Amino acid sequence: MTSTDRPFLRRAVAGDLDAFAQEAWGRQAVLSRRDDLAKDRGTTDEPGFGDLFSLDAVDELLAHRGLRTPFLRIAKQGTVVDSKHFTGDGGVGAEVSDQLRDDRVAALFADGHTVVLQGVHRTWAPVTELASGLNADLGHPVQVNAYVTPASSTGFSAHYDVHDVFVLQIAGTKRWHVHAPVHPDPLRTQPWNDHAAAVRARAAEEPLLDEVLHPGDALYLPRGYLHSATAQGEVSAHLTVGVHVVTRHALLETLLAGLADDPELRGSLPLGVDVSDPAALAPHLEVVARRAAEHFTDRSHDDARAAHAARRLRGRVWSGNRPESLRPLRQAAAVHALGPDSVVRLRHGLRHRVLPPAADGAPVRLELPDRTLELPAAAATPLAALLDGAPVRLGDVPEADPGDAVVVARRLLTEGVLVTPDSAGRTSAPEGGVPGDPGGTTDT
């Protein structure tokens, strides 16, 4: 596994990526220093993470993007501030009541509060690209928050997250204390406050890691690892990449969902049943256990079960991160102007899978995060080139019959699978995205 194989993971992990995958992933914390990351990427002008985010980006988002809750949280020493203290009416014509007030945010920050920009993968284009790339590299959905902490301040006390995180230090320095889990591999339904006493006790022990992160440094923490961080003598900012890992428990859930087709299990419990009485439930639990065992041990349905699980998990992982944005008006114009000299490429970050025709002459199916497209059998020839990822001139695309490539490309442009250089949402210069769904929270 090289930096070429996993270029976005290489941004956050130095050293042997195979060793990281086999020994550290989900098991142990890993600290990667800026110089080592630069060396492994083969660059001498390593920008750290300044190409992804900066303090100027924070001010841009807070001052000019019209952010609303829950895109912003503010906290101090583990206490989250009620949003009414930093949001207000959007003014004439806006018809919103929870738009952030930059003056109140400034006052709270000056008073030692940490500013948390949630869902930065939906509001800042370079971070959107990072999240989409990590989704593909890791095989798990990704979200990104930004934490901006005043000098010598702590935003959150010791806690653990229910997802893995990569911490990317953007500006300033921050001292991190990391402790071993009190509840290894927690599920999303098992937050740290369920084990608050154990967390407090463990946090009082000698830490596994006591390190200061400088700009360009990265820290990987598996879910369950306790951590807290304190800014040093200047304003500190870092990105927390939250990886919403797909677990074996999730696979079990998909298998159990297959039991919905069992009429015996869909039956109602008796009228008047006392569900608080273990003895009353026992015979029904025996039925459930028997039918589940029969379902799981029937090997003749292994392929069907695997296909069902893949469909469910595909939607969960592929839809976890949106692909790069596109410019709707330019995209529509490109659809109408398409011809042999047009240049198109696959939309960055769009997860997809081509299924071969079931029989000669049958349609080709293109699986996307939210739907499956059916294309004529003749589309198979140009489809491979169009989905390769590199920009391609339509007149150079292989086709079974003249004009096939343009027809297929027009369908894929209309569906938002392809973009043109003019309609792609981001140019080479980093620029902000459009606010959307922040997609979850994390306290790192």
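Only a predicted model underlies this, so the values are computations on that prediction, with no experimental measurement involved.
Each of Arg314, His352, Arg311 was scored for a side chain to side chain donor-acceptor pair (under 3.5 Å) with Glu367, with one residue passing: Arg314. The residue from Lys174, Arg33, Gln169 that alone fulfils the side chain to side chain donor-acceptor pair (under 3.5 Å) condition with Asp217 is Arg33.
In this structure a side-chain-to-backbone donor-acceptor pair under 3.5 Å is missing from Arg327 to Ser423. With hydrogens and angles disregarded, no donor-acceptor distance shorter than 3.5 Å links the side chain of Tyr160 to the backbone of Pro222. No side-chain donor-acceptor contact under 3.5 Å links Asp36 to the backbone of Gly15. In terms of modelled atom types and a separation under 3.5 Å, the side chain of Arg68 and the main chain of Asp98 share no donor-acceptor contact. Not one N or O on the side chain of Arg345 forms a donor-acceptor pair closer than 3.5 Å with the backbone of Ala390. With hydrogens and angles ignored, the 3.5 Å screen pairs no side-chain donor or acceptor of Arg347 with any backbone N or O of Val419. Of the possible donor and acceptor atoms, one in the side chain of Arg202 sits under 3.5 Å from a partner among the backbone N and O of Pro181. His238 places no side-chain N or O within donor-acceptor distance of the main-chain N or O of Val167, the cut-off being under 3.5 Å. A donor-acceptor distance shorter than 3.5 angstrom exists from the side chain of Tyr225 to the backbone of Arg27, with no hydrogens or angles considered. Gln232 places a side-chain N or O within donor-acceptor distance of the main-chain N or O of Thr230, the cut-off being under 3.5 Å.
For the pair Asn145 and Gly119, the tightest heavy-atom approach, listed with the atom from each and the gap, is OD1-N, 2.9 Å. For the pair Gly389 and Leu346, the tightest heavy-atom approach, listed with the atom from each and the gap, is CA-CB, 4.0 Å.
Arg351 CZ: more than 12 foreign heavy atoms inside a 6.0 Å radius. Arg353 CZ: 12 or fewer foreign heavy atoms inside a 6.0 Å radius. Summarising the local packing, CZ of Arg248 is surrounded by 12 or fewer heavy atoms from other residues, nucleotides or ligands at distances under 6.0 Å. Environment of CD in Glu95: sparse, with no more than 12 heavy atoms of neighbouring residues, nucleotides or ligands closer than 6.0 Å.
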For a side-chain contact (heavy atoms from CB on, under 4.5 Å) check, start with the C-alpha distance between Val127 and Leu239, then their side-chain angles and the critical distance, and finish with the verdict.
CA-CA 9 Å; Val127 180; Leu239 294 177; 4.2 Å; yes
Can you list the steps and then say if Val144 with Leu134 is a side-chain contact (heavy atoms from CB on, under 4.5 Å)?
CA-CA 11 Å; Val144 186; Leu134 280 172; over 6 Å; no
Test salt bridge (charged side-chain N to carboxylate O under 4.0 Å, His left out) on Arg11 and Asp51; report intermediate values, then the result.
CA-CA 11 Å; Arg11 293 299 306 264; Asp51 59 321; 3.0 Å; yes
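Side-chain contact between Phe53 and Val58 is present, with at least one heavy-atom pair separated by less than 4.5 Å. No side-chain heavy atom of Glu324 sits less than 4.5 Å from a side-chain heavy atom of Glu129. Side chains of His227 and His177 form no contact here, defined as non-hydrogen atoms less than 4.5 Å apart. Looking only at side-chain heavy atoms (C-beta outward), Thr128 and Arg322 stay at 4.5 Å or farther from each other. Side chains of Pro150 and Asp111 form no contact here, defined as non-hydrogen atoms less than 4.5 Å apart. Two residues are said to be in side-chain contact when any heavy atoms from C-beta on lie closer than 4.5 Å; Leu130 and Trp124 fail this criterion. The shortest side-chain heavy-atom distance between Phe166 and Leu9 falls under the 4.5 Å cut-off. In this structure, Ser342 and Thr420 have side chains that are not in contact, with every pair of non-hydrogen atoms separated by 4.5 Å or more.
With 3.5 Å as the limit, one finds a donor-acceptor pair spanning the side chains of His244 and Arg188. Thr114 and Thr149 form a side-chain donor-acceptor contact under 3.5 Å, judged by distance and modelled atom types alone.
Using cut-offs of 30° and 60° for the angle between ring planes, the His140 and Trp25 rings count as tilted.
The existence of a salt bridge linking Glu415 and Arg411 is confirmed by a sub-4.0 Å separation between a basic side-chain nitrogen and an acidic carboxylate oxygen.
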